[in-house]
Each structure stands twice: as C-alpha cells, then as structure tokens.
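Working notes, beginning with the structure itself.
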Amino acid sequence: QAQVRESGGGSVQAGGSLRLSCGTDEFMYTNNCMGWFRQPPGKQREGVAIIYTGDGTTTYTDSVKGRFTISRGAAHTVNLQMDRLKPEDTAMYYCALGSGAWCRQKLNFIESNFGTWGQGTQVTVSA
C-alpha cells in the first residue's frame with residue numbers, strides 16, 4: 001500500500017520559517033501530484049499547495065501565495081518552504097498524494113482526488 005512520510009513542522013514565532021518534507025517511493029512519486037493540506041483548530045481541512053512531480057507545475061491557495069513554496073526535492077520527496085509565517089498558519093499539516101488525468105491537466109484541491117494521506121505534522125505559529 002502506498003505511503004507518504006512526513007517530516008518537519010514545529011513551533012515558530014510569527015515572521016519565522018519552517019520547512020515540511022514528504023517522501024514516497026519512486027513508483028508513486030513519478031508523474032503524480034503531491035501536496036499539503038492543513039486543518040486549523042476547529043476548522044475544516046483546506047488545500048495549501050500542490051505540485052505535479054512530472055514537470056513541477058504548482059498551485060497554491062491564495063492565503064499562502066508569495067510566502068510558501070512547494071518544490072520537488074531529492075529522493076522522491078516534495079518540500080514545502082513556509083516563510084513569513086502568521087499565527088493563522090497554525091494547523092495540522094497533512095501530506096497527500098494523488099494520481100489521474102486531473103493531475104496533469106488542472107491541479108486542484110479536491111480531497112477525493114488524493115488517495116494517500118500522511119498522519120499529519122503540527123505547525124504552530126505564535127504571535
């Protein structure tokens with residue numbers, strides 16, 4: 001069964017930076033979509049950033065544009081660099097992996113498109 005392995009996260013003051021990483025095996029990584037969703041306390045889960053590993057195409061939710069960067073890393077990993085963090089970025093962050101035509105044609109945050117999820121890593125930003 002496909003799995004994703006998350007690392008990173010932690011606590012930081014507002015304005016600081018954190019980096020999340022998510023890895024999987026070569027078969028699942030190749031030409032699929034990987035990304036991050038987050039669930040703030042008491043709120044619904046929302047998409048943050050996705051990357052198509054085939055050509056590096058990315059999409060971001062509006063609230064993180066210009067602050068977060070998702071990229072392809074080494075050894076079948078995807079990294080999320082989070083800069084200028086705000087208290088409202090506090091959430092449990094989940095790595096997700098999905099495949100299908102949608103991934104190559106139009107990136108989106110529809111959760112049912114992602115068949116593999118990580119257990120989550122906590123990001124806490126204090127004011």
Side-chain angles (χ1 to χ4, degrees):
Q1 185 176 357
Q3 292 184 333
V4 292
R5 303 175 298 276
E6 301 154 326
S7 62
S11 298
V12 67
Q13 289 189 325
S17 299
L18 286 172
R19 181 182 178 93
L20 305 180
S21 292
C22 181
T24 189
D25 61 46
E26 180 178 6
F27 177 76
M28 293 306 300
Y29 180 86
T30 303
N31 295 331
N32 281 327
C33 282
M34 293 181 69
W36 295 90
F37 289 71
R38 67 184 180 186
Q39 187 166 19
K43 297 184 179 180
Q44 288 188 331
R45 190 160 59 186
E46 61 179 359
V48 177
I50 300 171
I51 187 166
Y52 170 48
T53 62
D55 63 8
T57 302
T58 60
T59 194
Y60 298 88
T61 192
D62 287 346
S63 62
V64 307
K65 286 180 180 177
R67 300 188 298 120
F68 290 13
T69 303
I70 190 168
S71 62
R72 294 173 292 183
H76 315 120
T77 62
V78 168
N79 300 314
L80 183 67
Q81 179 66 36
M82 304 184 292
D83 297 319
R84 302 199 305 278
L85 282 159
K86 304 175 180 180
E88 50 263 45
D89 294 318
T90 294
M92 184 70 76
Y93 282 70
Y94 296 91
C95 178
L97 185 152
S99 60
W102 70 269
C103 179
R104 295 180 294 277
Q105 296 169 359
K106 186 173 178 60
L107 298 180
N108 60 68
F109 293 117
I110 298 173
E111 291 196 18
S112 59
N113 282 335
F114 295 84
T116 302
W117 293 81
Q119 293 187 333
T121 185
Q122 180 68 36
V123 170
T124 302
V125 185
S126 57

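By the side chain to side chain donor-acceptor pair (under 3.5 Å) test, N32 is found to be paired with no residue, residues two or more places apart in sequence or in another chain being considered. N113 pairs by the side chain to side chain donor-acceptor pair (under 3.5 Å) definition with N108, not counting sequence neighbours. In terms of the side chain to side chain donor-acceptor pair (under 3.5 Å) criterion, R5 has no residue partners (sequence neighbours excluded). F114 meets the ring pair (Phe, Tyr, Trp, His ring centres under 6.0 Å) test with F37, W102; sequence neighbours excluded. Taking E26 as the reference, T30, H76 meet the side-chain contact (heavy atoms from CB on, under 4.5 Å) condition, with sequence neighbours excluded. In this structure T124 satisfies the side chain to side chain donor-acceptor pair (under 3.5 Å) test together with Q122, sequence neighbours excluded.
Contact detail for S126 and P87: the closest heavy-atom pair is C-CG, 4.4 Å. Between M34 and C22, the closest heavy-atom pair is CE-SG, 3.6 Å. Minimum heavy-atom separation, C95 to E6: N-OE2, 2.7 Å. Closest non-hydrogen pair, T121 versus W36, comes out as CG2-CZ3, 4.3 Å.
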Side chains of residues 10-17: which donor-acceptor partners sit under 3.5 Å, not counting sequence neighbours?
| unit_1 | atom_1 | unit_2 | atom_2 | d |
| --- | --- | --- | --- | --- |
| S17 | OG | D83 | OD1 | 2.7 |

Please set out all donor-acceptor pairs under 3.5 angstrom arising from side-chain atoms of residues 64-71, sequence neighbours excluded.
| unit_1 | atom_1 | unit_2 | atom_2 | d |
| --- | --- | --- | --- | --- |
| K65 | NZ | D62 | OD1 | 2.9 |
| R67 | NH1 | R84 | O | 2.9 |
| R67 | NH1 | D89 | OD2 | 2.7 |
| R67 | NH2 | S63 | O | 2.9 |
| R67 | NH2 | D89 | OD1 | 3.0 |
| R67 | NH2 | D89 | OD2 | 3.4 |

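Within the structure, every pair that satisfies the salt bridge (charged side-chain N to carboxylate O under 4.0 Å, His left out) test and touches residues 98-126, not counting sequence neighbours, is listed here: R45-E111. Residue pairs that meet the ring pair (Phe, Tyr, Trp, His ring centres under 6.0 Å) test with at least one member in residues 39-63, sequence neighbours left out, do not exist here. For residues 23-78, the disulfide bond (SG atoms under 2.5 Å apart) pairs, not counting sequence neighbours, are C33-C103.
The CZ atom of R38 sits 9.5 Å away from atom CG of L80, with the distance rounded to the nearest 0.5 Å. We find the CZ-CG distance between R19 and N79 to be 4.0 Å, quoted to the nearest 0.5 Å. To the nearest 0.5 angstrom, Q3 atom CD is 11.5 Å from L97 atom CG.
By the rule that hydrophobic residues join a cluster once side-chain heavy atoms approach within less than 4.5 Å of another member, L20 and L18 end up as members of one cluster. The hydrophobic cluster containing V48 does not contain Y94, counting ILVMFWY residues as joined when their side-chain heavy atoms lie under 4.5 angstrom apart, directly or transitively. M92 is not connected to V123 by any chain of hydrophobic side-chain contacts under 4.5 Å among Ile, Leu, Val, Met, Phe, Trp and Tyr, and they are in different clusters. Both F27 and V78 are assigned to one and the same hydrophobic cluster, defined by single-linkage of ILVMFWY side chains at heavy-atom distances under 4.5 Å.
For T53 (side chain) and N31 (main-chain N/O), a donor-acceptor pair under 3.5 Å exists by modelled atom type.
Heavy-atom neighbours of E46 CD from other residues, nucleotides or ligands within 6.0 Å: above the threshold of 12.
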- Message: Apply side chain to side chain contact (heavy atoms under 4.5 Å, CB included) to residues R72 and Y29 and explain how you reach the verdict.
- Response: CA-CA 10 Å; R72 294 173 292 183; Y29 180 86; 3.3 Å; yes
